[in-house]
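Before any comments, here is the structure.
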Protein chains: 2
Amino acid sequence: MSLRHALLAVLTAAPMSGYDLVKYFNGTVAFVWNAPPSQIYPELRRMAEEGLLDVEVVARGQRASKRLYSISENGLEELNRWANDVLPLQPTRDPYRLKAAYMEWADIREARRQLEEHEHHYEYWLAQWRRLVDDIRARRVPLLRRRLEGRTEREQDEIVAFKLFAFEGEIAHAEAEIAWARRGLGLLDEIETARESPRQADRAS
Amino acid sequence: MSLRHALLAVLTAAPMSGYDLVKYFNGTVAFVWNAPPSQIYPELRRMAEEGLLDVEVVARGQRASKRLYSISENGLEELNRWANDVLPLQPTRDPYRLKAAYMEWADIREARRQLEEHEHHYEYWLAQWRRLVDDIRARRVPLLRRRLEGRTEREQDEIVAFKLFAFEGEIAHAEAEIAWARRGLGLLDEIETARESPRQADRAS
DNA sequence: GTAGTCATGTAAGAGGTTACATGATTAG
DNA sequence: CTAATCATGTAACCTCTTACATGACTAC
């Protein structure tokens, strides 16, 4: 149940509406946890019902309104509980590794497309994460700025250090995935060469 | 729907019962895809109903019987379709990175326990994966041996190369996670030191 | 006879995906 | 007045988890 805790954690920075949260979960928060509106809105309702959030209904224009959520005492307790409990590590279940393990069932060309997709996906996110890390280091991220307000300098440094630690983990992961995809593409080239010219492949190995 | 394709892929090695599959999904197959019996048995039923698997009911002892599943023509087609279609990459959703990003809500001691758990988990699996890679290289894995039977030498080499590629990806991933957890533990030490002796920390930075 | 293995599930519920639905407000 | 943005969902479906349930067979 991480979505719930991600919502609690974001709401510690400032009270906000479901719409605001949806934007963050499409923006910077999506760099560690993504969630669609159809999941966020009902979850906020449930959390408010369970007393983890306080709600203020604010008028907007003539007829419309919005619900401003803020974290309650109970919500803070729950957040602390989550932060202090060890979350058990889960067994592996990686669909891309699974496909790779059975690549003999694919054409070389299609296998290559999958690995290129893999490489490009992580290259894209690597660039995003790197930019985010720079922005965090320069304290240029709006949500982070709100979170740092009114904290001591030491607290600010610690908060920033944890964010950097988390996203540097994503960066290292992305780099490992890119390297893996490239090794796979190299392997496919070797296999193709070996299939096309058996003698040369024999000599090469 | 990867479980279905993992089952199809395993069944290309040889026909087997649900019980056999449960064992493999707790053993070597769990190194890329784990699944509990409560998921495997109903899925096999559905796959047989949909014509992806053939079933032979075999007597065992006086009263009991077992269902032997083998992959059908349709199943092979489905496996090929899966192998040749590009599986779109999913957005990030990593609960441990999420916890790390909000570690300011945890006590240092509990944060450390989480990271130690992370480190130990991946050290354990790293050892497992390394042993498996050795066993694959030596063609010592029973399921793999059955899979290689009756294949040409080149086909065998390719199949082995894909397995190695997949599991070496897991190894690289585990190594990255271990390094990340250790960096985190170092960070926690620094923070603790800074909290205990502010002057020294100031001088150090 | 009893422990371990072989064999196969059910049931309830959590969490997530995909597609769709609706209407107010605001900036130009 | 029109497009973009603000705002909030529902519904159907799928996957996976957790806990529990049952009984036959085999080696000792």
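This is a predicted model, so every value here is computed, not measured. Numbered from 1 within each chain, the chains take letters A, B, ... in sequence-line order.
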By nearest atom, which of the nucleotides C:dG9, D:dT10, D:dA7 is closest to the A:Asp20 side chain?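 In terms of side-chain proximity for A:Asp20, the closest of C:dG9, D:dT10, D:dA7 is D:dA7.
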Between D:dA7, C:dA7, C:dT25, spot the one nearest the side chain of A:Tyr41, thanks.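 The closest nucleotide is D:dA7.
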Output the rounded distance in Å from [atom1] ([X]) to [atom2] ([N]).
X: A:Leu21; N: D:dT8; atom1: CG; atom2: P; result: 10 Å
X: B:Arg4; N: D:dC14; atom1: CZ; atom2: P; result: 10 Å
X: A:Ile40; N: D:dT10; atom1: CD1; atom2: P; result: 14 Å
X: A:Arg63; N: C:dG23; atom1: CZ; atom2: C1'; result: 10 Å
X: A:Arg46; N: D:dT8; atom1: CZ; atom2: C1'; result: 14 Å
X: B:Phe25; N: C:dT8; atom1: CZ; atom2: P; result: 15 Å
X: A:Leu53; N: D:dT8; atom1: CG; atom2: C1'; result: 16 Å

Are A:His118 and A:Trp180 close enough that their ring centers fall under 6.0 Å?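 Here the rings of A:Trp180 and A:His118 have centres that are less than 6.0 Å from each other.
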What pairs of nitrogen or oxygen atoms, one from the protein and one from nucleotides 1-6 of chain C, lie under 3.5 Å apart?
unit_1	atom_1	unit_2	atom_2	d
C:dC6	OP2	B:Tyr19	OH	2.8

How many angstroms lie between atom CE of B:Met103 and atom CG of B:Leu98, to the nearest 0.5 angstrom?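 Rounded to the nearest 0.5 Å, the CE-CG separation comes out at 10.5 Å.
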Of the non-hydrogen atoms in B:Glu78 and B:Leu8, which two are nearest, and what is the gap between them?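 Distance-wise, the nearest heavy atoms are CG-CD1, 3.8 Å.
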Residues touching DNA chain C, which here means a heavy atom under 4.0 Å, drawn from residues 78-88 of chain A: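 Nucleic-acid contacts, sorted: none.
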Sugar-phosphate means primed atoms, P, OP1 and OP2; the rest is base. With that split, encode nucleotides 12-21 of chain C 5' to 3' as B, S or - using protein heavy atoms under 4.0 Å. ---SSBBB--
Run the numbers on B:Val32 and A:Tyr96 for side chain to side chain contact (heavy atoms under 4.5 Å, CB included), then give the verdict. CA-CA 9 Å; B:Val32 282; A:Tyr96 311 104; over 6 Å; no
